[in-house]
Amino acid sequence: MRLSLQLLLTVCFAATATGSVLILGGGAFLFAEGEKTLWQQARAGVQDLATLLTDDLLLRDLLAVRTKLESASARYPGFAFAYVLDPEGRVLAHTFPEGVPEALLGLPGERSFRLEGKVVYQAEAGIYGGRAGTVRLALYQAPLWEEVGKVVRTGLFGLLWAVGLGVGLGYLLLTQALEPLARMAEGAALLGRGERVRFPEPKSELGDLGRALNRMEEEVERRQRQLSLLNRVLAESHALRVEELAERVLSLLVRELAFVCGHLWVEGRVLRCRTCQALCPLDEVQGLAEEALRLGQVVWRGQSVVVPVPPRGALVLYGPPSGEEAWIRELLTALSGPLSTALENARLYGLLQEKEAQRAELLRAWLKAQEEERGRIARELHDEVGQALTGLILGLEGLPGEKAVALKELARYTLAEVRRLALDLRPSVLDHLGLEAALRRYVREFSDRTGIEVDLSFHLSRPLSPELETVIYRVVQEALTNVARHSGSPKAAVGVLEVEGEVRVFVEDEGRGFDLRKVGLGHQGLVGMRERVELVGGRLLLESAPGEGTRVQVRLPLEVAA
């Protein structure tokens with residue numbers, strides 16, 4: 001509902017309520033006063049009748065008495081009845097067509113009562129001091145109500161006329177007075193939607209409000225532009241490399257604030273803005289940066305603006321920017337803290353990358369040494385221990401007896417286990433015949449040893465590097481070992497496929513599965529697989545749930561392929 005209508009309805013309701021109360025109160029007052037007057041008329045009238053009838057009653061002229069009683073109806077407004085009683089209470093004369101009702105005779109003195117549904121006021125007076133009799137006169141209350149009703153109706157009509165006139169004039173005045181306010185409300189709604197508006201400034205008290213709103217709109221626009229630019233700079237500050245951070249922030253500030261060029265100074269190192277159209281001087285960068293860091297605030301030197309990025313850096317921008325100096329200073333001051341955090345994050349990220357590279361190199365060297373040591377041990381087991389066990393078996397061939405037979409079987413079993421261990425440590429077929437042959441041999445021996453049926457799918461269109469083949473072989477080996485130890489599944493599937501420019505390896509079973517939230521990738525065997533995979537730039541994915549089996553998937557980039 002419009003404000004003008006609300007005000008008009010409020011004023012109309014208040015005026016109507018107030019006028020109604022006053023009119024009704026005035027009507028009650030008029031009724032009370034009229035009732036007093038009516039009693040006075042009844043008393044005066046009955047006294048007049050008593051005086052007028054004295055001589056007639058003394059002369060016992062009852063005809064004159066009845067005539068004077070009948071003429072009283074025209075003399076007294078609201079006349080109801082009149083009758084005369086002798087000293088013994090007998091009716092001598094009256095104005096009733098059919099005689100005085102018996103009930104009236106028992107109602108002496110002054111009183112009000114209902115007669116045939118109408119209220120009457122009765123007055124009584126003695127004639128000749130009561131020795132000649134008594135006269136009673138009654139007047140109706142109805143004329144009093146009629147007069148009061150006329151007054152109330154006249155007042156209500158006047159009230160309605162006054163309220164209608166006031167509402168009409170008030171509507172015209174409020175419409176003119178509140179029109180600027182309505183335009184201000186519409187402007188505020190547009191401002192809330194981000195549109196530019198100009199509020200009216202009328203020559204009244206509302207003009208102060210309009211001017212205040214215009215100043216607010218200018219401040220909102222200024223703050224909005226500042227906040228938008230600040231958010232964009234902060235978004236660019238998410239870069240984790242110092243060089244990328246410097247390029248993003250400098251190019252954005254140069255483009256949005258119309259600087260010519262800029263530098264990021266970090267502990268004596270100057271990072272240029274490569275996308276700037278002009279090259280900035282370098283001779284005064286360090287001095288300006290150190291001054292800004294020492295003062296801890298934005299420094300404005302001629303056409304150079306320096307923003308401290310404590311504790312180790314500073315932004316140095318050149319050229320007169322577009323915009324008010326106070327606004328730009330406030331914006332750059334707000335950028336100082338977030339840029340300091342971003343610079344520290346970039347520094348820590350650099351250290352982390354360096355440490356990660358060192359760790360990866362150490363891990364690669366360790367895995368290489370491990371594989372070499374596995375190969376050496378496998379060769380020694382196969383050559384030396386295998387030859388010794390073979391000689392022992394040959395030596396036992398000529399000995400008779402059950403003990404010799406048992407020792408010979410034990411030696412054969414030990415020789416088979418030694419060869420299996422040598423194959424697990426480093427299968428020679430992987431070095432000589434390649435990954436597919438090594439996997440098929442390992443899967444066949446795994447099935448023979450554990451009783452688990454394994455389905456192998458191998459589809460590669462190109463040879464892989466020895467490092468990548470070793471990673472795939474070890475992942476399959478560790479995953480199948482977990483199947484045998486934990487899954488309880490009678491079947492397993494192994495796949496090595498080339499899909500969308502990468503090598504995908506999966507090992508899945510139909511076993512009992514497990515809750516990833518309780519085990520995840522923190523298991524020792526899974527940690528080893530993950531480190532091997534990530535070392536060559538791959539990813540390890542694990543899918544499992546209780547009662548739904550387990551799927552280990554590895555994705556390796558083909559860029560490491562030979």
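Keep in mind that this is a model prediction, so the values were computed, not measured.
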- Query: Which pair of non-hydrogen atoms, one from L49 and one from A72, has the smallest distance, and what is that distance?
  - Reply: CD2-CB, 4.0 Å
- Message: For a side-chain hydrogen bond (donor to acceptor under 3.5 Å, both in side chains) check, start with the C-alpha distance between Q41 and Y121, then their side-chain angles and the critical distance, and finish with the verdict.
- Response: CA-CA 10 Å; Q41 289 177 355; Y121 295 87; over 6 Å; no
- Query: Are W39 and E35 linked by a side-chain donor-acceptor pair shorter than 3.5 Å?
  - Reply: no
- Flag, side chain of R111 to backbone of Q122, donor-acceptor distance under 3.5 Å: no
- Query: Atom CG in L38, atom CD in E147: separation rounded to 0.5 Å?
  - Reply: 11.5 Å
- Taking K68 for its side chain and L52 for its backbone only, find out whether a donor-acceptor pair lies under 3.5 Å. yes
- Message: Distance check, rounded to the nearest 0.5 Å: L497 atom CG versus E502 atom CD?
- Response: 10.5 Å
- So, do I127 and T134 sit near enough that their side-chain heavy atoms are less than 4.5 Å apart? no
- Locate the shortest heavy-atom distance separating G130 from P87; write the atom from each residue and the value. O-CG, 4.2 Å
- E534 and R539, any side-chain heavy atoms less than 4.5 Å apart: no
- Ion pair check, E88 and R90, cut-off under 4.0 Å: yes
- Task: Report yes or no: does T95 contribute a side-chain atom to a donor-acceptor pair with the main-chain N or O of A82 at less than 3.5 Å?
- Result: yes
- Query: So, R301 side chain and S304 main chain: donor-acceptor pair closer than 3.5 Å or not?
  - Reply: no
- Would you indicate whether W145, at its atom CH2, is surrounded by more than 12 heavy atoms from other residues, nucleotides or ligands within a distance under 6.0 Å? no
- Query: Taking all atoms of both residues into account, what is the closest heavy-atom pair of A50 and G126, and its distance?
  - Reply: CB-O, 3.8 Å
- Message: Using the rule given for side-chain contact (heavy atoms from CB on, under 4.5 Å), can you reason through V305 versus V316, listing the C-alpha separation, both sets of side-chain angles and the distance that settles it, and then say yes or no?
- Response: CA-CA 6 Å; V305 182; V316 184; over 6 Å; no
- Is it true that atom CZ of F96 has more than 12 heavy atoms of other residues, nucleotides or ligands lying nearer than 6.0 Å? yes
- Query: Quick one: is the NZ or CZ of R131 closer than 6.0 Å to the six-membered ring centre of Y128, and within 45° of its axis?
  - Reply: yes
- Parallel, tilted or perpendicular: which describes the rings of F81 and Y83, with under 30° parallel and over 60° perpendicular? parallel
- Taking C-beta and beyond as the side chain, do P108 and E124 meet within less than 4.5 Å on heavy atoms? yes
- Would you check if V84 and V91 make a side-chain contact, meaning some heavy-atom pair closer than 4.5 Å? no
- Item | Minimum side-chain heavy-atom gap Y140-V119 below 4.5 Å | no
- Item | Rounded distance [0.5 Å steps], CG in L137 versus CZ in R75 | 9.5 Å
- Query: At what distance, to the nearest 0.5 angstrom, does CG of D56 lie from CG of L63?
  - Reply: 9.5 Å
- Query: Would you say the side chain of L139 lies within less than 4.5 Å of the side chain of V120, judging by non-hydrogen atoms?
  - Reply: no
- Measure the spacing between CG of D509 and OG1 of T550 and express it to the nearest 0.5 Å. 4.5 Å
- Query: Counting only N and O atoms by type, is there a donor-acceptor contact under 3.5 Å from the side chain of S544 to the main-chain atoms of F514?
  - Reply: yes
- Task: May I ask you to decide whether E510 forms a salt bridge with K491, counting only side-chain N to carboxylate O separations under 4.0 Å?
- Result: no
- NZ/NE/NH1/NH2 to OD/OE distance under 4.0 Å, R43 and E110: yes
- Item | Contact check, side chains of L541 and V554, non-hydrogen atoms, under 4.5 Å | no
- Query: Testing L58, D48, L92, V65 for side-chain contact (heavy atoms from CB on, under 4.5 Å) with L53, which one passes?
  - Reply: V65
- So, for G296 and P308, which heavy atoms are closest and what is the spacing to 0.1 Å? C-CG, 4.1 Å
- Message: If you apply the rule side-chain contact (heavy atoms from CB on, under 4.5 Å), what do you find for Q553 with R504, and how did you get there?
- Response: CA-CA 7 Å; Q553 183 178 179; R504 295 187 182 180; 4.1 Å; yes
- Item | Identified side-chain contact (heavy atoms from CB on, under 4.5 Å) counterpart of V552 within the set L542, N482, V483 | L542
- Query: Can you tell me if E508 uses its side chain to pair, donor with acceptor, with the backbone of R551 under 3.5 Å?
  - Reply: no
- Pairwise side-chain contact, F506 with E543, heavy-atom cut-off 4.5 Å (strictly under): no
